[in-house]
Amino acid sequence: MKSIILIAPPAAGKGTQAKVISKMYNIPTISTGALLRKEIDEEGPFHDEIVNEMKLGHLIKDEITIKLLLDRMKEKDCELGYILDGFPRNLKQAKVYDEILASKGKNIDYVFVLDAPYEMLEDRIEGRLSCPGCGHIYNSRFEDHRPKNEGICDDCNSSLVKREDDNSETYNKRFKTYERITKPLIAFYENKKILHHINSSINKDVTFKQIKNILDGGSNEH
Ligand code: AMP
């Protein structure tokens, strides 16, 4: 069982790293952001409660997010482990998640915090394009992050989209929310001695190398 949590400010590379880890270690990624976006697209029962909140960059009620997460965790492909991208987002979610795992006799193996400076992240957000099909993230601003064919995912051929919350104004709000509400999780997991800081400011390969080193039993020196 490999149970991994990725914590990072928005646009720090959580989705990208989750995808690479998932492929290499053959475990799925559960992105609560993606689950919530799916709920909106498919007009699920929580659609009305979340659609505007997400556009504004606000966090969605814990009860809704946890319900969607629990449903996804029950699926067969999660039996050998999974990567959580975007959850927990606050201390209450972290504590509830601990209780859920304890009730199943399981625990968290690794928590990675992706560190990158605000200016760099704000710069990334405007050019960001996401694949709604497989979660691959591209960036039109950076040569090595563009899709081979404009607007089309290299991996699954879906049409790429610009997320409604990927703009500077909403980004600033989401970043502040991260600082105020999500960052306290770092101390929470540091105390449990399962947290690793990863430098996410160089490029995605260097970021992954550090993560892989730890997952393969080394240290996070690079
Ligand atoms: P993300 O895809 O992780 O950038 O999340 C996009 C948006 O989904 C966030 O700005 C929140 O509105 C919502 N969201 C994602 N994960 C959570 C969570 N764990 N708790 C509450 N809201 C969330």
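Just follow the structure's listing: the first ligand is 1, and inside any ligand the first atom is 1. For clarity, every value in this text was computed on a predicted model and none was experimentally measured.
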K.L.:
Run through R174, R124, K55 and flag the one making a salt bridge (charged side-chain N to carboxylate O under 4.0 Å, His left out) with D166.
P.N.:
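Among R174, R124, K55, the one meeting salt bridge (charged side-chain N to carboxylate O under 4.0 Å, His left out) with D166 is R174.
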K.L.:
Are any non-hydrogen side-chain atoms of I198 and V113 less than 4.5 angstrom apart?
P.N.:
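They are not in contact (no side-chain heavy atoms under 4.5 Å apart), so the answer is no.
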K.L.:
Is R163 close enough to touch ligand 1? Criterion: a residue heavy atom under 4.0 Å from a ligand atom.
P.N.:
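Right, R163 reaches ligand 1.
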K.L.:
Considering non-hydrogen atoms of the protein only, which is the closest contact for atom 17 (C) of ligand 1, and what is the distance?
P.N.:
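Atom 17 (C) of ligand 1 sits closest to the protein heavy atom T32 OG1, 3.6 Å.
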K.L.:
Distance under 4.0 Å to a non-hydrogen atom of R174: what atoms of ligand 1 satisfy this?
P.N.:
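Going through ligand 1 atom by atom, the ones under 4.0 Å from R174 are 4 (O).
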K.L.:
Which label fits Y171 and Y118: parallel for a plane angle under 30°, tilted from 30 to 60°, or perpendicular past 60°?
P.N.:
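Y171 and Y118: tilted rings.
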K.L.:
Which residue holds the protein heavy atom closest to atom 14 (N) of ligand 1, what is that atom called, and what is the gap in Å?
P.N.:
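For atom 14 (N) of ligand 1, the nearest protein heavy atom is L36 CD1, 3.4 Å.
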K.L.:
For atom 8 (O) of ligand 1, what's the nearest protein heavy-atom neighbour? Residue, atom name and distance, please.
P.N.:
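Protein heavy atom at minimum distance: M54 CE, 3.3 Å.
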K.L.:
Need the ligand 1 atom indices (1-based, order shown) with element for anything under 4.0 Å from a heavy-atom of K14.
P.N.:
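Under 4.0 Å from K14, ligand 1 has these atoms: 3 (O).
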K.L.:
For T65, which part has a heavy atom under 4.0 Å from ligand 1: side chain, backbone, both, or neither?
P.N.:
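Looking at T65 and ligand 1, just side chain atoms fall under 4.0 Å.
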K.L.:
Any side-chain to backbone donor/acceptor pair from S200 onto A116? Under 3.5 Å, distance only.
P.N.:
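Judged by distance alone, no pair lies under 3.5 Å.
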K.L.:
Near Q93, which atoms of ligand 1 are under 4.0 Å from a heavy atom of that residue?
P.N.:
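Selected atoms, number and element: 18 (C), 19 (N), 20 (N), 21 (C).
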K.L.:
Is G86 close to ligand 1, meaning an N/O of one under 3.5 Å from an N/O of the other?
P.N.:
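Yes, since at least one N or O of G86 sits under 3.5 Å from an N or O of ligand 1.
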K.L.:
Need the ligand 1 atom indices (1-based, order shown) with element for anything under 4.0 Å from a heavy-atom of H58.
P.N.:
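With H58 as reference, the close atoms of ligand 1 come out as 11 (C), 12 (O).
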K.L.:
With rounding to the nearest 0.5 angstrom, report the NZ to OG1 distance, K212 to T207.
P.N.:
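One finds 15.0 Å between NZ of K212 and OG1 of T207.
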K.L.:
Only heavy atoms of R37, strictly under 4.0 Å: list the atoms of ligand 1 that pass.
P.N.:
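Per the distance check, 2 (O), 6 (C).
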K.L.:
In Å, rounded to the nearest 0.5 Å, how long is the span from CG of N139 to CG of D123?
P.N.:
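Output value for this atom pair is 8.5 Å.
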K.L.:
Using a strict cut-off of 4.0 Å, indicate which atoms of ligand 1 neighbour a heavy atom of G33.
P.N.:
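Checking each atom against G33, I get 2 (O), 5 (O), 8 (O), 15 (C), 16 (N).
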K.L.:
I want to know whether H145 and Y138 have ring centres closer than 6.0 Å.
P.N.:
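No, too far apart.
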K.L.:
Of the backbone atoms (N, CA, C, O) and the side-chain heavy atoms from C-beta on, which set of I60 has a member under 4.0 Å from an atom of ligand 1: side chain, backbone, both, or neither?
P.N.:
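The answer is both.
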K.L.:
Please name the residue in the list R89, K92, K95 that meets the salt bridge (charged side-chain N to carboxylate O under 4.0 Å, His left out) test with D62.
P.N.:
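Option passing the salt bridge (charged side-chain N to carboxylate O under 4.0 Å, His left out) with D62: K92.
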K.L.:
What I want to know is whether R89 and ligand 1 share at least one N or O pair that is separated by under 3.5 angstrom.
P.N.:
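Indeed, backbone or side chain, R89 has an N or O that close.
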K.L.:
Which class fits the ring pair Y110 and F112: parallel under 30°, tilted 30 to 60°, perpendicular over 60°?
P.N.:
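Rings of Y110 and F112: parallel, as their planes differ by under 30°.
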